[in-house]
Number of protein chains: 2
Amino acid sequence: MTEEKKPHHHGALREALIAAGIRLLEQGGPDALTLRRCAALAGVSHAAPAHHFDGLAGLKLAIADEGFRRFRDCMLTAEAQGDPSPRGRLKGICRGYLAFARANRAMFHLLFGYEMSAPHHGGVPDAARVGYDVLSRCCAPFVSPGSDPRAIEIQVWSLIHGYASLSLAGRIGPDDPALFEQVLALLDRVGNAS
Amino acid sequence: MTEEKKPHHHGALREALIAAGIRLLEQGGPDALTLRRCAALAGVSHAAPAHHFDGLAGLKLAIADEGFRRFRDCMLTAEAQGDPSPRGRLKGICRGYLAFARANRAMFHLLFGYEMSAPHHGGVPDAARVGYDVLSRCCAPFVSPGSDPRAIEIQVWSLIHGYASLSLAGRIGPDDPALFEQVLALLDRVGNAS
DNA sequence: CAAGGAAACTTGACAGCGTCAAGATGGCAT
DNA sequence: ATGCCATCTTGACGCTGTCAAGTTTCCTTG
């Protein structure tokens, strides 16, 4: 739609392909994400993407990179919206976590699915880190001095990631905010046992 | 290898295709699970599976059915191995949960991945229920009378499913049993707050 | 300013995939 | 014995990712 008249040299083909991929992901699920379809959506030939990504896996990696950034933004927004206490901020990012998963099913599956987990390119894209940093910061107030922060971080992450995954997989039934808050109540008992 | 000389009529083609699918899953990951490869492994033509399953999705459903049964067995075994107290049994099935996920990466992804989550065939195979029943039974001692058991069940399920998923996705780093036990320690604070 | 080379993109081909249509074959009930 | 039906085969179609080779454009270098 906003197509320049560059006869050759698309100019911003890489970004256009990523945007096309995200659109396909949103509209048709993971199976709709196809190199050829991305190319068609960007108005180039089917083999053009090969010059910008290392095959389909490379495109998915680039899309995941953008996805992780949006994911982090979603958590930051939710953190800022709720109770500013440490406990409130922790629950806030969890609500943002779930909200992102619900609003971006296919992207969430891409970010945490088999593609990214494979011993593939040596690991997870760097952007995955920025999400963990948010989590880590919100967990910090509950880490007793001198102890390993990872224990609490993984507790919180496991709980929210498990809930989000199971919810998306249809294992928890219809959306039930009350139930989610009950699960989140377990976070009241995280950290220094008072 | 144990191929009968049935000239026609394989006889147990359905089971053979499921077994072939599981083998492909174990050896080559989700992408290796292919109708044509299953057929070849079972010694039949590429279109034979169509008479036993509703396409690839149907075969995956049948494989998941078997997978869920093995999954439950793995949890039951782990439950019987540890401390027989209610808390010990609860942690036992969680250890079985993680053990299954680690030993059957691709199958685990099939059981909880996008395939099964789609609004697809109307939902999850019935066999998924048998796993939840184990969880539900182990959670029962911690449900205060008159309250909804789902709250605790989903707390526990989310925690262990999240840990297993993140572990498989390579987000928790190398296998660290001590860390896992620290996460499982959160289960000590589940249920009636003492 | 001109030449050359690198980068971007196209075209064409290949094997593998899921799926459908039609034909062949064997077992089973009538 | 006959006829039917489920089972399986063969062949084809369109789609996929990927590679090879050719074409076009831009930029650098002399």
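Please read all numbers here as calculations on a predicted model, not as lab measurements. Just so we're on the same page: letters track the sequence lines, and every chain starts at 1.
Here the straight-line distance linking atom CG of A:L35 with atom CG of A:L17 works out to 8.5 Å at 0.5 Å rounding. Between the SG atom in B:C74 and the CZ atom in B:R69 there is a gap of 15.0 Å [rounded to 0.5 Å]. Rounding to the nearest 0.5 angstrom, the gap separating the CE atom in B:M75 from the CZ atom in B:R137 is 10.0 Å. Atom-to-atom distance recorded for B:W157:CH2 and B:Y132:OH is 6.5 Å, nearest 0.5 angstrom.
One interatomic measurement links the two molecules: CG of A:L13 to C1' of C:dA7, which rounds to 13 Å at whole-angstrom precision. For the pair B:D31 CG and D:dT18 C1', the interatomic distance rounds to 15 Å; values are reported in whole Å. One interatomic measurement links the two molecules: CD of B:E115 to C1' of C:dG18, which rounds to 13 Å at whole-angstrom precision. Separating the NE2 atom of B:H51 from the P atom of D:dC8 is a distance of 8 Å, rounded to the nearest angstrom. Rounded to a whole Å, the CZ atom of A:F53 is 13 Å from the P atom of D:dT18. D:dT16 atom P lies 12 Å from atom CG of A:L41, rounded to whole Å. Summarising the geometry, the separation between CZ on B:R36 and C1' on D:dG11 is reported as 10 Å, rounded to the nearest angstrom. Distance A:L56 CG to C:dG16 P: 19 Å, rounded to the nearest Å.
Residue side chain A:H46 reaches the base of C:dG12 through a donor-acceptor N/O pair under 3.5 Å, judged by distance alone.
Counting non-hydrogen atoms under 4.0 angstrom, A:T34 reaches the backbone sugars and phosphates but no base. Using a 4.0 Å heavy-atom distance criterion, B:R14 is classed as making no nucleic acid contact.
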